[in-house]
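One-based numbering along the sequence shown. Every heavy atom of this structure was used, including side-chain atoms; hydrogens, water molecules and symmetry mates were not. Both counts, for ligands and for their atoms, begin at 1 and track the order of listing.
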Amino acid sequence: MSTHTIITLDGPAGVGKSTLAKALARELQLPFLDTGAMFRYVAHALGEDALKLDGPALAARLETLDFDLKGSGDNSILACNGQVPGNEIRTEQVGKLASKFAALPEVRDFLKTAQQRLGNRGPLVAEGRDMGTVVFPQAARKFFLDADPLVRAKRRQLQLLEQGADKRQAANAPAPGSEEELRQIEAQIRERDHQDRNRAIAPLRPAEDAIIVDTSNLSLDQVLAKLLDSARSI
Ligand code: DC
């Protein structure tokens, strides 16, 4: 593997990208770049009102954000202006808002430049929606993970149960683990898929040379084994 090897992992929400990209980065001892966290950070830091700013005003707000990536594998740390974002950016509300910011050209341009700058410094595993298509078209290996929306909703529900009820937002949310909650999560996933796949700029889609892995009927370990197999042959 060369000193400038970039591996990309793209795919829809809830497909297990973060877990797999992190595990791949750990096994290969490479830095892990979670680009969804960058969009989430922007959404959280700028807030919903910034969606109404005109292009130059939005670009000026973005210019105040300076992203940095340190460490590798599990110890990869993405910081912005010296601060490491915590769980406040992981809520469904911030995810939804991030998806709206992600449709704005100023935001995409700004983050693309920031991501490419991090990639220029050395090898990494980059995870997101447009890593293989737009940000790192020269990547040594490109993976696109996909899974049935209901399977992704079930995984997300399990994750929420493991995290505990305090991570849920609305006071009137359906009972944890219930059918109703599952249907609600599936609807949110389908809505976000629609938003991400149908936006005009950098829509979610596999690069022509991406290896597509359907994870619906595979365990995380099985998917990781496939990715590692392929990445080790670079
Ligand atoms: O992967 P995630 O759920 O943390 O991403 C949050 C949102 O950010 C997602 O709805 C789409 C957007 N995103 C994007 O447009 N491009 C990326 N490379 C990463 C995320």
Worksheet item: Could you state the interatomic distance from OG (S99) to CD (Q195), rounded to the nearest 0.5 Å?
Response: 3.5 Å
Worksheet item: Is the closest basic N to carboxylate O distance between D10 and R129 below 4.0 Å?
Response: no
Worksheet item: Are any side-chain N or O atoms of R190 and backbone N or O atoms of P149, one a donor and one an acceptor, separated by less than 3.5 Å?
Response: no
Between [X] and [Y], does any side-chain donor sit less than 3.5 Å from a side-chain acceptor?
X    : Y    : answer
S219 : D221 : no
R141 : S230 : yes
T35  : E127 : no

Worksheet item: Looking only at N/O atoms, are R129 and ligand 1 under 3.5 Å apart anywhere?
Response: yes
Discussion item. Does any N or O of ligand 1 fall below 3.5 Å from an N or O anywhere on T35, backbone included?
Written reply: yes
Where is the nearest protein heavy atom to [atom]: which residue, which atom, and how far?
atom                    : answer
atom 12 (C) of ligand 1 : A102 CB, 3.7 Å
atom 4 (O) of ligand 1  : R40 NE, 2.6 Å
atom 8 (O) of ligand 1  : F39 CB, 3.5 Å

Practice prompt. May I ask you to list the residues sharing a hydrophobic cluster with L204, side-chain cutoff 4.5 Å, ordered by chain and number?
Written response: F144, I212
Worksheet item: Does ligand 1 have any atom sitting under 4.0 Å from a heavy atom of R199?
Response: yes
Item to complete: Give a yes/no on ligand 1: does R108 have at least one heavy atom closer than 4.0 angstrom to it?
Response: yes
Worksheet entry | Selected option - heavy-atom contact closest to atom 18 (N) of ligand 1, from D10, D130, I89, D196 | D130
Worksheet entry | Residue pairs, two or more places apart or on separate chains, that pass ring-ring contact (aromatic ring centres under 6.0 Å, His included) and touch residues 20-44 | Y41-F67
Taking only heavy atoms of [X] into account, list the atoms of ligand 1 that are under 4.0 Å away from them.
X    : value
S99  : 10 (O)
M131 : 18 (N)
R192 : 3 (O), 6 (C), 7 (C), 9 (C), 10 (O)

